Amino acid sequence: MQRIKIVVFACFLLVALAGVFSQRHALACEAVGFKGYEQVAPNVFVSPSVENIEEALRSIIDGRQRVDATFGEMIATPKIVIVGNKAEASNFGANSTATAYYTPMGTCIILGPKGQNVDVAAHELVHAEVGQRVGWLNHWLEIPVWFNEGVALIVDHRKPFLIENIDISQEAIDSVKQLKTGREFFGGTNTHENYVASRMAVNNFEPLQLYQKLERVRNGESFGSVFEM
């Protein structure tokens, strides 16, 4: 019996350690206040290497206003970390543009040197709002990556993602809906195509219905039955 207990404990410990390792970057983001980053606004931390703090903050303010105007007033207050270079972004497991991490504690956003503009800020804030509206577990179990990216691209006005600049087949749009994980969506050579296909997949969606529908998912309805996409 004692040996069984030891084996069970060892298995539990391995699972726990694996979970911590897989979430190490999200945990680093949550602990940013202890890493020499300055808090310059509520939940906003900036690296000493960032040269134009006011411009970076303005992009966040403008991004939030764009989300409010498109979907309705935001309730999410994600932690946002602004870094000044690629090396600092990589310390958080992020790219030079932006990365959002979801945890039971909330969303943590890394804004890299290429992402300190209203388009990227608005994009990442939508991710935070979707996570806040459905809750961490439902976000993980119910919200498809393609939908999460598609609605975020509604407020992302970078030229490659504007409807008038997208030329993609219905087959590609249907295919992106079959991708089940972030690894499938972001890990291959078709990442850009996946983004634009996601944008087209939500093209007929009414943005002002987003929060109401996410609330239904939070209350137990499936994504498929609510959004019918």
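Computed from a predicted model, the values in this text were never measured in an experiment.
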What pair of heavy atoms forms the shortest contact from P113 to G84, and how long is it? CB-O, 3.8 Å
Could you tell me whether a side-chain N or O of S169 sits under 3.5 Å from a main-chain N or O of A172, the two making a donor and an acceptor? yes
Among V83, V50, I60, which residue satisfies the side-chain contact (heavy atoms from CB on, under 4.5 Å) criterion with L111? I60
Minimum side-chain heavy-atom gap H127-N148 below 4.5 Å: yes
Any chance you could lay out the side-chain contact (heavy atoms from CB on, under 4.5 Å) test for L214 and I143, step after step, and finish with the verdict? CA-CA 9 Å; L214 291 176; I143 304 300; 4.1 Å; yes
Indicate if V226 and W146 have the same hydrophobic cluster label, given that clusters are the connected sets of ILVMFWY residues with side-chain heavy-atom separations under 4.5 angstrom. yes
Output, in order, the C-alpha distance, side-chain angles, deciding distance and verdict of side-chain contact (heavy atoms from CB on, under 4.5 Å) for M105 and K79. CA-CA 10 Å; M105 296 177 286; K79 180 171 288 184; over 6 Å; no
Donor-acceptor under 3.5 Å (D68 side chain, M74 main chain): yes
Among all residues two or more places apart in sequence or in another chain, which pass the salt bridge (Lys or Arg N to Asp or Glu O under 4.0 Å) test with E215? none
With a 4.5 Å limit on heavy-atom distance, are the side chains of P48 and E38 in contact? no
F223 vs F227 aromatic rings, parallel, tilted or perpendicular, using cut-offs 30° and 60°? parallel
Grouping I, L, V, M, F, W and Y whenever their side-chain heavy atoms are under 4.5 Å apart, do I110 and V46 come out in a common cluster? no
Side-chain contact test, heavy atoms from C-beta onward, threshold under 4.5 Å: evaluate it for P42 versus T77 and give yes or no. no
From E149 atom CD to I154 atom CD1, the distance as rounded to the nearest 0.5 Å: 12.0 Å
Can you check whether F147's main-chain N or O pairs, donor with acceptor, with S198's side chain at less than 3.5 Å? no
State whether the number of non-hydrogen atoms from other residues, nucleotides or ligands found under 6.0 Å of N165 atom CG is greater than 12. yes
Could you grab the distance from atom CG of L137 to atom CD of E142, nearest 0.5 Å is fine? 9.0 Å
For the residue pair S59 and A121, what are the closest heavy atoms and their distance? O-CB, 3.4 Å
So, for S96 and K86, which heavy atoms are closest and what is the spacing to 0.1 Å? OG-CG, 3.4 Å
Checking E88 against S49: is there a side-chain donor and acceptor pair closer than 3.5 Å? yes
Results of side chain to side chain contact (heavy atoms under 4.5 Å, CB included) for N95 - residues two or more places apart only: T97, T99
Kindly write out the residues that satisfy side chain to side chain contact (heavy atoms under 4.5 Å, CB included) with E184, not counting sequence neighbours, or none if the list is empty. L179, K180, T181
More than 12 heavy atoms of other groups within 6.0 Å of E171 CD: no
State yes or no: are the ring centers of F185 and Y195 separated by less than 6.0 Å? yes
Side chain proximity check, E129 to R133, heavy atoms < 4.5 angstrom: yes
Is there a side-chain contact between I109 and V81, using heavy atoms and a 4.5 Å cut-off? no
Distance (rounded to the nearest 0.5 Å) between I173 CD1 and N194 CG: 12.0 Å
Quick one: do R199 and D156 make a salt bridge, cutoff under 4.0 Å? no
Among side-chain atoms of H139 and Q132, is any donor-acceptor pair under 3.5 angstrom? no
Do Y101 and V134 belong to the same hydrophobic cluster, where Ile, Leu, Val, Met, Phe, Trp and Tyr are linked whenever their side-chain heavy atoms lie under 4.5 Å apart, directly or via other members? no
Does Q212, at its CD atom, have more than 12 non-hydrogen atoms belonging to other residues, nucleotides or ligands within less than 6.0 Å? no
Would a hydrophobic clustering, with Ile, Leu, Val, Met, Phe, Trp and Tyr connected at side-chain separations under 4.5 Å, put V120 with I82? yes
Under 3.5 Å side-chain donor-acceptor pair for Q178 and D174: no
Pair E54, L57 - check side-chain contact (heavy atoms from CB on, under 4.5 Å), show working. CA-CA 5 Å; E54 290 186 4; L57 286 175; 5.8 Å; no
side-chain contact (heavy atoms from CB on, under 4.5 Å) between V202 and M229, intermediate numbers included: CA-CA 8 Å; V202 300; M229 301 177 72; 3.8 Å; yes
Rounded to the nearest 0.5 Å, what separation is found between the CD atom of E55 and the CG atom of N117? 9.0 Å
Considering all heavy atoms, the nearest A128-T107 contact: CA-OG1, 3.7 Å
Backbone N/O of A87 and side chain of S90: donor-acceptor pair under 3.5 Å: yes
Angle between ring planes, Y211 versus F71, binned at 30° and 60°: parallel, tilted or perpendicular? tilted
Atom pair CD (Q116) and CD1 (I53), whose distance is rounded to the nearest 0.5 Å: 10.0 Å
Below 30° counts as parallel, above 60° as perpendicular, anything between as tilted: where do the rings of H192 and F161 land? tilted
Return the minimal non-hydrogen interatomic distance between G182 and V145, and the atom names on each side. N-CG2, 3.7 Å
For N190 and E193, which I'm curious about, is there any donor-acceptor pair between the side chains at under 3.5 Å? no
Grouping I, L, V, M, F, W and Y whenever their side-chain heavy atoms are under 4.5 Å apart, do L125 and F205 come out in a common cluster? yes
